[in-house]
Amino acid sequence: MCVTAVESRPAGVLGASQSPAHRPFGARVMAFVALTKPRIIELLLITTVPVMFLAQQGVPDLKLVLLTCVGGYLSAGGANALNMYIDRDIDALMDRTSQRPLVTGMVSPRECLAFGITLAVVSTLMFGLAVNWLSAWLSLGALLFYVVVYTMILKRRTSQNIVWGGIAGCMPVLIGWSAVTNSLSWAPVILFLVIFFWTPPHYWPLSMKVKDDYARVGVPMLPVIASNKVVAKQIVLYSWVMVAVSLLLTPLGYTGWFYTVVALAAGGWWLWEAHALLNRAKAEVTGAKLKEMRLFHWSITYVSLLFVAIAVDPFLR
């Protein structure tokens with residue numbers, strides 16, 4: 001496993017000459033919080049908690065929910081911090097990551113590495129001792145997959161990076177289910193597949209928007225090496241599979257009419273947006289008129305609606 005070295009531009013406006021330890025305490029705290037990528041973790045928790053309601057077929061133990069959320073945040077936060085440690089060279093060259101704590105010098109690489117490893121250890125022990133060891137191993141597996149398989153192996157080598165690397169982001173549904181049942185079943189596996197097929201059409205529109213950033217640092221995201229039309233076709237393909245898989249829960253008896261209605265409505269709107277993007281790409285629309293971020297923003301709404309429906313559905317059956 002090797003990491004491509006990229007020449008970094010100078011650290012941000014804070015400057016690299018001043019020791020991070022001498023920076024304002026409040027700013028330092030916020031920098032360490034930023035290492036965990038809180039906005040990304042919000043999505044992970046959105047897919048964790050509703051699955052606990054589904055597993056319980058009602059309201060799960062609230063203490064268990066809290067412990068699972070805290071453990072999940074620490075685990076994902078550790079993975080994100082280690083991701084920033086590994087990617088600090090290219091983060092310094094990309095516009096959208098140029099203000100990350102390692103780039104600005106607010107946190108040193110050594111501090112970031114120690115922080116990430118500490119969160120990984122604490123989260124694993126917390127899951128194992130306070131929830132169950134199945135959830136602990138699933139959480140640790142997700143962290144290692146994201147850091148080693150995605151960040152260190154796939155990201156800089158293949159355009160399929162986000163497809164297979166996205167497996168780490170699928171793990172919270174397994175963790176949420178196992179936290180309640182200390183086992184796994186077909187329901188979390190189906191939801192795992194929903195997130196698996198959701199991830200590429202969620203992330204590729206954003207990659208289309210910032211593909212110049214990725215091209216600058218040699219990261220072969222699909223929009224960097226393929227035309228907008230090819231990317232949009234892939235988005236449509238994954239979208240149809242995602243929606244089809246999301247509908248499997250009901251015939252297998254895990255959900256009822258409410259989830260089915262939401263899945264059909266939200267999935268139908270997703271497919272409308274995906275095909276609209278494909279039509280614009282086929283017409284060779286570029287720039288702001290391509291409106292690729294419409295699908296990106298809708299993808300977040302879609303997964304939120306779908307998993308809220310998963311949590312609500314047990315109370316309406």
Could you give all pairs that pass the ring-ring contact (aromatic ring centres under 6.0 Å, His included) test and reach [range], with sequence neighbours left out?
range: residues 56-111; value: none
range: residues 128-150; value: Trp133-Trp137, Tyr146-Tyr150
range: residues 153-184; value: Trp164-Phe196

Q. Does Asp313 use its side chain to pair, donor to acceptor, with the backbone of Gly256 at less than 3.5 Å?
A. yes

Q) If only atom types and distance count, is the side chain of Ser139 paired as donor or acceptor with the main-chain N or O of Ala136 below 3.5 Å? A) no

(Q) Between Ile40 and Leu35, is there shared hydrophobic-cluster membership here, with clusters defined by ILVMFWY side-chain heavy atoms closer than 4.5 Å? (A) no

If you look only at distance, which donor and acceptor atoms sit under 3.5 Å apart when one is on a side chain in residues 266-274 and the other is two or more places apart or in another chain?
from   : atom 1 : to     : atom 2 : distance (Å)
Trp270 : NE1    : Ser239 : OG     : 2.5
Glu273 : OE1    : Arg294 : NE     : 3.3
Glu273 : OE2    : Arg294 : NH2    : 2.7

Q) Taking all atoms of both residues into account, what is the closest heavy-atom pair of Leu295 and Pro205, and its distance? A) CD2-CG, 4.0 Å

Q: Step through it carefully: locate the ring centre of Tyr238, locate the ring centre of Trp204, and say whether they are under 6.0 Å apart.
A: yes

Q.
Please enumerate all residues that pass ring-ring contact (aromatic ring centres under 6.0 Å, His included) together with Phe296, with sequence neighbours excluded.
A. His202

Which pairs would a plain distance check flag for residues 116-123, meaning a side-chain donor or acceptor within less than 3.5 Å of a matching protein atom at least two apart in sequence or in another chain?
from   : atom 1 : to     : atom 2 : distance (Å)
Thr118 : OG1    : Ala114 : O      : 2.7
Ser123 : OG     : Leu119 : O      : 2.9
Ser123 : OG     : Ala120 : O      : 3.0

Q. Does the side chain of Tyr203 reach to within under 4.5 Å of the side chain of Leu206, using non-hydrogen atoms?
A. yes

Check this for me: does any side-chain nitrogen of one of [X] and [Y] sit under 4.0 Å from a carboxylate oxygen of the other?
X: Arg156; Y: Asp89; value: yes
X: Asp91; Y: Arg88; value: no
X: Asp87; Y: Arg100; value: no

Q: For Lys37 and Asn83, test the side chains for any donor-to-acceptor distance below 3.5 angstrom and give the result as yes or no.
A: yes

Q) Which of these passes side chain to side chain contact (heavy atoms under 4.5 Å, CB included) with Phe192: Ile167, Val51, Thr47? A) Ile167

